[in-house]
Amino acid sequence: SQRTPPHVALFPSAGMDHLTPFLRLATMLASQNCVVTLVTAQPPVSAAESTYLSSFLASHAQIKGLEFQVLPFEPTNLTTDDPFFLQFEATRRSIADDLCIPNYIVLTTSARFFSLMANRPHLTLEKYAKFSGSDKSLEIPGLAPLPLSSIPPPLFNSDHLFTTLITSNATSLSKAKGILMNTFDGFDPETIAALNNGRVISNLPPVLPVGPFETYELKQGHHLPWLDDQPAESVLYVSFGSRTTMSKDQIRELGHGVERSGCRFLWVLKAKKVDKEELEELLGVSFLERTKNKGMVVKGWVNQEAILEHPAIGGFLSHCGWNSVMEVTRQGLPILAWPQHGDQKINAEVAEKAGLGLWIRQWGWGGGGGGGVRLVRGEEIGEKVIELMGDENLRAKARKVGEEARKAGDEGGSSKKVLQGVIEMLKP
Ligand code: BUP
């Protein structure tokens, strides 16, 4: 069509795991000639978000940035001190209810976890809380039974801010024109079909799979020359996302595990404060010395996309944050899933079912140490790493998923067509 391309405003929620997919979507829309304005909540929660955002805007002159001041929010009856949840709530309170423009939702989780979120207002999960550690399942219409042990614990508590946010969002879903998802039809076809057939929940706007979101060049994050010297597909990449810090005991066991596996590894370690001294204290000087030819431990922020794209990477020990799942899908690499919290167990199940690797259910929620979370021993971790890195069949399956993912995003592919359809609808 020759009509003028639409002007689209994108408003990401707090945290790198929301900002990153929105920036990707922004460039995808801009490359389809849309005028794009990126609205960002001020002040941001983390310094990582502001740094990333300014370098993105500096290198994408065609995308405009617009700051939105969030009203101060003094919570009473605090059920969480998670700064991201508090910012979600503050933002929710600060926005006007109806802007009289077509409104789409961009979802940053799996279709299966979304189905649980959308159903939360109708579920009396409180009464199942005592079974959350059992092998019982929850029946949601249209979906395969959902193990109670995969549901994030805060969701059993209706007073928890995580739950009140999800419930309030779920009751507003029908106001949206559509729900854009970072997934593709072939990745989780049953759930997407069930959502779109109205079997999961009635009155749901169309679910629009437009992923995996494409990446863009961002000249940020250090390049790792060490990787260039490693053989093809030989290195295990280890990262548990931007929000997880494991206990010291679990970090040490993980160290034993990767060392015992004998595999090469690149481990991005997040701890409260990770400087050289702390790395030595956490893992031991002798660990770093023994593994210096095999592996590399890096602290802080890396350019994960660039790492996953590197030919030396052969597998990913991952917490299964949804962005990470979609990034590794594009690369066609297998995952060893070790979910830590939130949607990650459900994401791990989806990834495993799609053919993207292994999920060791008995490892439970990660984190290690107290709070009823199991400490997973290095021997077990080592065995599974060997299995992941050595199983040709797993690699072949993951490679195939990667090919399908790329096809979906190519001209004429399912996700590309859906996105172009949305843009067509939005043309004035
Ligand atoms: Br850590 C890390 N570099 O060092 P997820 C993450 N990322 O580029 P999360 C880096 O941040 P949730 C790093 O590629 C992905 O796009 C990574 O999002 C990038 O996990 C994003 O994978 C992280 O969804 O969020 O942040 O733990 O709690 O939603 O699982």
Side-chain angles (χ1 to χ4, degrees), residues 12-27 45-49 51-53 55-56 80 82-85 87-88 106-110 112-114 116-117 150 152-155 162 165-166 181-183 211-224 227 237-246 266-272 274 296-310 313 316-331 333 335 337-351 356 365-367:
S13 207
M16 284 303 286
D17 51 337
H18 289 121
L19 183 61
T20 311
F22 270 75
L23 298 186
R24 289 180 184 154
L25 187 59
T27 54
V45 178
S46 65
E49 287 160 83
T51 317
Y52 204 72
L53 182 67
S55 78
F56 174 85
T80 175
D82 185 312
F84 296 99
F85 290 166
Q87 178 88 336
F88 294 161
V106 179
L107 214 75
T108 58
T109 184
S110 54
R112 189 158 161 80
F113 189 74
F114 169 71
L116 172 64
M117 289 182 2
S150 287
L155 219 49
F162 183 66
L165 281 164
I166 283 181
M181 286 204 188
N182 185 12
T183 189
F213 289 171
E214 284 158 29
T215 56
Y216 50 83
E217 287 295 323
L218 192 62
K219 289 163 208 66
Q220 209 199 33
H222 38 257
H223 179 63
L224 296 165
L227 261 186
Y237 173 58
V238 183
S239 173
F240 296 96
S242 60
R243 297 189 187 192
T244 300
T245 48
M246 281 181 167
L266 172 60
W267 179 4
V268 183
L269 184 61
K270 297 263 184 305
K272 292 258 148 40
V274 188
M296 205 177 155
V297 185
V298 291
K299 50 180 187 159
W301 194 258
V302 296
N303 184 344
Q304 177 165 305
E305 279 286 348
I307 290 174
L308 289 173
E309 260 173 28
H310 198 287
I313 299 293
F316 185 7
L317 172 51
S318 171
H319 68 311
C320 286
W322 191 247
N323 295 300
S324 294
V325 171
M326 279 297 121
E327 287 160 15
V328 77
T329 300
R330 287 183 83 238
Q331 302 306 328
L333 292 169
I335 291 181
W338 191 359
Q340 306 288 310
H341 57 85
D343 57 353
Q344 296 160 8
K345 276 194 181 179
I346 293 178
N347 298 348
E349 182 200 324
V350 175
L356 211 67
W365 293 111

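As the structure lists them, so they are numbered: ligands from 1, and atoms in each ligand from 1.
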Requested in this report: Tell me yes or no: between the side chains of Ser324 and Glu327, is some donor less than 3.5 Å from an acceptor?
Outcome: no
Query raised in the report: Are Arg24 and Glu214 ion-paired here, with the side-chain N under 4.0 Å from a carboxylate O?
Result: no
Query - Plane angle bin for Phe316 and Tyr237 - parallel if under 30°, tilted between 30 and 60°, otherwise perpendicular - result: tilted
Requested in this report: With Leu116 as reference, evaluate Asp343, Thr109, Leu155 under the side-chain contact (heavy atoms from CB on, under 4.5 Å) test and give the passing residue.
Outcome: Leu155
Query raised in the report: What about His18 and Phe88, are their ring centers closer than 6.0 Å?
Result: yes
Pairs under 3.5 Å, N/O atoms on ligand 1 and on the protein: can you put them in a table with the distances?
residue, atom, partner, partner atom, Å
ligand 1, 3 (N), Val302, O, 2.6
ligand 1, 4 (O), Val302, N, 3.1
ligand 1, 8 (O), Val302, O, 3.2
ligand 1, 8 (O), Gln304, N, 3.3
ligand 1, 14 (O), Gln304, NE2, 3.2
ligand 1, 14 (O), Glu327, OE1, 2.6
ligand 1, 14 (O), Glu327, OE2, 3.1
ligand 1, 16 (O), Glu327, OE2, 2.5
ligand 1, 18 (O), Asn323, ND2, 3.3
ligand 1, 20 (O), His319, NE2, 3.0
ligand 1, 22 (O), Ser324, N, 3.0
ligand 1, 22 (O), Ser324, OG, 2.6
ligand 1, 24 (O), Trp322, N, 3.4
ligand 1, 24 (O), Asn323, N, 3.2
ligand 1, 24 (O), Asn323, ND2, 3.0
ligand 1, 25 (O), Asp17, OD2, 3.0
ligand 1, 26 (O), Ser242, N, 3.4
ligand 1, 26 (O), Ser242, OG, 2.4
ligand 1, 27 (O), Ser242, N, 3.3
ligand 1, 27 (O), His319, NE2, 2.9
ligand 1, 29 (O), Asp17, OD2, 2.6
ligand 1, 30 (O), Gln344, NE2, 3.0

Report task. Could you tell me which residues satisfy ring-ring contact (aromatic ring centres under 6.0 Å, His included) with His310, sequence neighbours excluded, listed by chain and number? Result -> none
